[in-house]
Amino acid sequence: MPLKKTRSDDASPKIPLRRDGLPQSPLRRAPARKAERPVSVAAVDLGATSGRVILGTWSGERLALCEAHRFSNTYRELGPHAYWDIGTLWHEVRSGLLKAAARLPSGTKLASLGVDTWGCDHVLLDDTGRLVFPLHAYRDNRVQPALRALNRDRDSSARLYEATGIPNIFYNTSLQLAETLTRYPAISQLATRCLFLPDYFNFLLSGRAENELTIASTSQLLDVSENANWSPAALAQFGIPQHWFRPPVVPGAILGPVRAIPELRGTQVIAVPGHDTACAYDAMPTDGEGDLFLSSGTWSLVGFESPRPLLGPAAQKARISNERAGNGHFRPLTNIDGLFLLEQLMAEFADRPRNDKDWAALVNATAAQSETPSESRLRLNDGSFASPPSMRTAIDAQLSKRKLSLPRSLVGYARLIWDSLGQGHADSMRLFESLTGERFKRILMVGGGSKNRLLCQATADAARIPVLSFSLEGTAVGNLARQLIALGAVKDLSHFRQTLAAQLKTTTYTPHR
């Protein structure tokens with residue numbers, strides 16, 4: 001699947017705007033139609049610790065979900081660096097899609113599929129579509145020297161934030177690409193295209209090499225203006241060739257039929273929100289203003305929807321990321337350490353939970369422990385938690401430095417982590433309130449953490465507002481929603497959210513104090 005050069009390889013024209021000011025995709029969309037029969041679509045949802053393929057069938061204003069395939073995912077260390085196993089990921093994606101198609105009734109075809117992943121990580125390709133550089137994982141420490149230098153350069157940091165709305169963070173694509181180009185200058189002659197992970201899987205499936213808007217917005221390279229194009233200032237700052245990128249397409253763009261899997265002939269590949277957090281936001285059954293969104297998983301992502309970015313020195317200092325939503329608007333959010341702390345910690349305990357029964361026992365035992373005093377909770381986003389050889393050692397080091405007692409068991413660490421995350425969620429809420437002057441009325445919570453009653457309650461107690469936890473495969477459902485809208489089976493996102501809300505089992509956690 002060669003990468004054909006077009007005018008946009010040499011220049012990046014602005015994306016045309018619709019009358020409402022949002023970017024218009026240069027790719028076609030399906031004409032609106034009324035769904036007279038069930039429509040089945042597949043969501044490929046890849047996370048940093050696991051991946052899945054979810055089959056969704058929309059019929060009679062209802063969405064039925066079926067998990068066709070689930071698999072573990074992790075980065076692998078090779079020497080001092082960390083890499084993703086892209087070949088294994090592609091194998092699992094292909095296997096999952098075939099399983100999803102096999103679950104359909106005889107004579108029924110998969111109408112479309114969409115791919116979302118975690119942010120920032122990317123591949124570099126040559127003219128033939130071949131990888132020219134290993135796929136590093138964002139937790140690799142290779143960018144740390146450049147990050148420290150950039151943070152010392154306050155003027156450049158301020159200009160970057162004003163241009164992109166993204167603060168300096170170790171996982172940014174900007175820093176990753178800058179390190180690659182600095183260490184291996186010849187890459188600029190070998191590579192002709194940079195694709196983020198969902199873009200790359202879309203390319204493998206359809207043959208179309210496009211950059212999708214929401215995943216592009218995680219990079220610290222996209223302009224924060226409404227035009228939603230690449231920032232010349234940011235590209236120049238990091239020495240990144242502008243021709244590596246195409247003007248971003250908005251979610252809902254139809255890339256074309258699947259070419260890589262003969263059994264899926266006729267299935268359309270749709271560019272859904274490529275960033276899993278944007279998908280999770282789309283799935284939130286919000287009923288208007290006053291809702292704070294929380295996607296709780298490996299990371300805790302706390303934010304809200306806004307037609308405008310949240311900028312300025314205070315936002316930069318608070319490390320507010322102005323990523324894009326599925327509708328082209330903004331998602332001001334904070335990205336704080338999440339359940340990665342517990343995931344990594346458990347590997348060091350022989351009595352860690354191995355099944356649902358074990359998890360229930362851990363939660364019950366943790367509930368019997370006293371709440372962690374506010375002054376003894378972890379200070380999240382400590383750089384030592386990013387990718388430590390031992391998470392237990394990293395946690396103990398912070399507590400010892402603050403002259404605090406150490407937990408004696410996995411139960412003790414679990415209580416500490418869940419209470420600390422709840423406090424972190426509340427702190428993010430109050431940060432947004434102080435910067436916007438708004439007050440949030442409730443927190444809508446999805447993701448793996450939303451299934452943990454102690455974490456939900458800790459968040460409600462610290463925030464002092466209700467937390468609504470939904471029995472919802474958040475990222476996968478948002479992925480499916482954008483496909484159904486693109487196919488014309490669903491009118492728009494507002495209609496989808498209203499319809500979905502009536503189907504969801506919701507648990508409300510009210511503050512205990």
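In this chain, numbering begins with 1 at the start of the sequence shown.
The side chain to side chain contact (heavy atoms under 4.5 Å, CB included) test with Met445 singles out one residue from Leu468, Leu292, Val467, and that residue is Val467.
Residues satisfying the side-chain hydrogen bond (donor to acceptor under 3.5 Å, both in side chains) test with Thr298, not counting sequence neighbours, are none. Glu343 is linked by a salt bridge (Lys or Arg N to Asp or Glu O under 4.0 Å) to nothing, counting only residues two or more places apart in sequence or in another chain. Residues satisfying the side-chain contact (heavy atoms from CB on, under 4.5 Å) criterion with Ile261, sequence neighbours excluded, are Arg94, Leu97, Leu98, Leu205, Val258, Glu263, Leu264. With sequence neighbours excluded, no residue satisfies ring pair (Phe, Tyr, Trp, His ring centres under 6.0 Å) with Phe170. Every side-chain contact (heavy atoms from CB on, under 4.5 Å) that Ser306 has, sequence neighbours left out, goes to Phe304, Arg308, Pro332. Residues satisfying the ring pair (Phe, Tyr, Trp, His ring centres under 6.0 Å) criterion with Tyr171, sequence neighbours excluded, are Trp299. Residues that satisfy the ring pair (Phe, Tyr, Trp, His ring centres under 6.0 Å) test with Phe201, not counting sequence neighbours, are absent from this structure. Annotation: side-chain contact (heavy atoms from CB on, under 4.5 Å) contacts of Ala283 (sequence neighbours excluded): Leu472, Val477. Taking Arg142 as the reference, Glu179 meet the salt bridge (Lys or Arg N to Asp or Glu O under 4.0 Å) condition, with sequence neighbours excluded. Asp85 pairs by the side-chain contact (heavy atoms from CB on, under 4.5 Å) definition with Thr88, not counting sequence neighbours.
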- Task: Test ring-ring contact (aromatic ring centres under 6.0 Å, His included) on Trp90 and Tyr200 and set out the steps.
- Result: CA-CA 10 Å; Trp90 169 244; Tyr200 182 55; 8.3 Å; no
- For Leu410 and Leu345, what are the C-alpha separation, side-chain angles and deciding distance, and is it a side chain to side chain contact (heavy atoms under 4.5 Å, CB included)? CA-CA 8 Å; Leu410 178 57; Leu345 177 85; 4.0 Å; yes
- Task: Test Asp223 against Trp230 for side chain to side chain contact (heavy atoms under 4.5 Å, CB included), laying out the working first.
- Result: CA-CA 5 Å; Asp223 198 300; Trp230 302 100; over 6 Å; no
- Could you go through the side chain to side chain contact (heavy atoms under 4.5 Å, CB included) check for Phe71 and Leu46 one step at a time? CA-CA 9 Å; Phe71 57 94; Leu46 304 180; 3.6 Å; yes
- Evaluate the criterion side chain to side chain donor-acceptor pair (under 3.5 Å) for residue pair Glu212 and Thr214; output intermediate values, then yes/no. CA-CA 6 Å; Glu212 184 274 328; Thr214 68; 2.8 Å; yes
- Query: Where do Thr164 and Gln220 land on the side chain to side chain donor-acceptor pair (under 3.5 Å) test, with the steps shown first?
  - Reply: CA-CA 6 Å; Thr164 68; Gln220 202 187 29; 4.7 Å; no
- How far apart are the C-alpha atoms of Val272 and Gln483, what are their side-chain angles, what is the distance that settles it, and do they pass the side chain to side chain contact (heavy atoms under 4.5 Å, CB included) test? CA-CA 7 Å; Val272 300; Gln483 293 183 60; 3.5 Å; yes
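Across Asn229 and Pro248, no two heavy atoms sit closer than the pair OD1-CD, 4.0 Å. The minimum heavy-atom distance between Trp118 and Ala48, with the atom names listed, is CE3-N, 3.8 Å. Ala476 and Asp45 get closest at one heavy-atom pair: N-OD2, 3.9 Å. Across every non-hydrogen atom of Ile336 and Ser428, the tightest pair is CG2-OG, 4.2 Å. Minimum interatomic distance between Pro198 and Gly274 (heavy atoms only, all atoms of both residues): CG-O, 3.5 Å. Pairing each heavy atom of Arg331 with each of Thr277, the nearest pair is NH1-CG2, 3.4 Å.
By the 4.5 Å heavy-atom criterion applied to side chains, Leu310 and Phe432 are counted as neighbours. Residues Arg352 and Asp358 form no side-chain contact, since every pair of their non-hydrogen atoms from C-beta on lies 4.5 Å or further apart. With contacts defined as side-chain heavy-atom distances shorter than 4.5 Å, the pair Val363/Trp418 qualifies. Annotation: side chain of Leu104 is in contact with side chain of Leu110 (closest heavy-atom distance under 4.5 Å). Proximity of Asp492 to Val490: side-chain heavy atoms (C-beta onward) are nowhere separated by under 4.5 Å. You'll find the side chain of Leu484 reaches within 4.5 Å of the side chain of Val39, heavy atoms only. At a threshold of 4.5 Å between non-hydrogen side-chain atoms, the residues Phe196 and Cys120 do not count as touching. Here the side chains of Arg193 and Arg246 are in contact, with some heavy-atom distance below 4.5 Å.
The stretch residues 246-297 participates, sequence neighbours left out, in these ring pair (Phe, Tyr, Trp, His ring centres under 6.0 Å) pairs: Tyr281-Phe293. For residues 59-74, the side-chain hydrogen bond (donor to acceptor under 3.5 Å, both in side chains) pairs, not counting sequence neighbours, are Glu61-His495, Glu67-Arg70, His69-Glu92, His69-Lys99.
Atoms CG and CZ, on Asp291 and Arg442 in that order, are 4.0 Å from each other to the nearest 0.5 Å. The CG atom of Leu78 sits 11.5 Å away from atom CZ of Arg76, with the distance rounded to the nearest 0.5 Å. Atom CD of Gln176 sits about 6.0 Å away from atom OG1 of Thr173, to the nearest 0.5 Å. To the nearest 0.5 Å, atom CZ of residue Arg37 and atom OG1 of residue Thr57 are 13.5 Å apart. In this structure, CG in Leu301 is found 9.0 Å from NE2 in His425, a value given to the nearest 0.5 Å. Here CG of Leu500 is found 10.0 Å from CG of Leu493. Values are rounded to the nearest 0.5 Å.
A salt bridge links Asp282 with Arg482: at least one charged nitrogen is closer than 4.0 Å to a carboxylate oxygen. The pair Glu305-Arg324 fails the salt-bridge criterion, with no side-chain N (NZ, NE, NH1 or NH2) lying under 4.0 Å from an Asp/Glu carboxylate O.
Checked by atom type and distance alone, the side chain of Asp337 never pairs as donor or acceptor with a backbone atom of Leu380 at under 3.5 Å. With hydrogens and angles ignored, the 3.5 Å screen pairs no side-chain donor or acceptor of Thr506 with any backbone N or O of Phe470. The backbone N or O of Tyr138 sits less than 3.5 Å from a side-chain atom of Asp121, completing a donor-acceptor pair.
Between the side chains of Glu323 and Thr218, no donor-acceptor pair of N or O atoms lies under 3.5 Å. Between the side chains of Thr192 and Asp126, no donor-acceptor pair is found at a separation under 3.5 Å.
Residue Arg354 places its CZ atom among more than 12 non-hydrogen atoms of other residues, nucleotides or ligands, all under 6.0 Å distant. Atom CG of Asp356 has 12 or fewer neighbouring heavy atoms from other residues, nucleotides or ligands inside a 6.0 Å radius.
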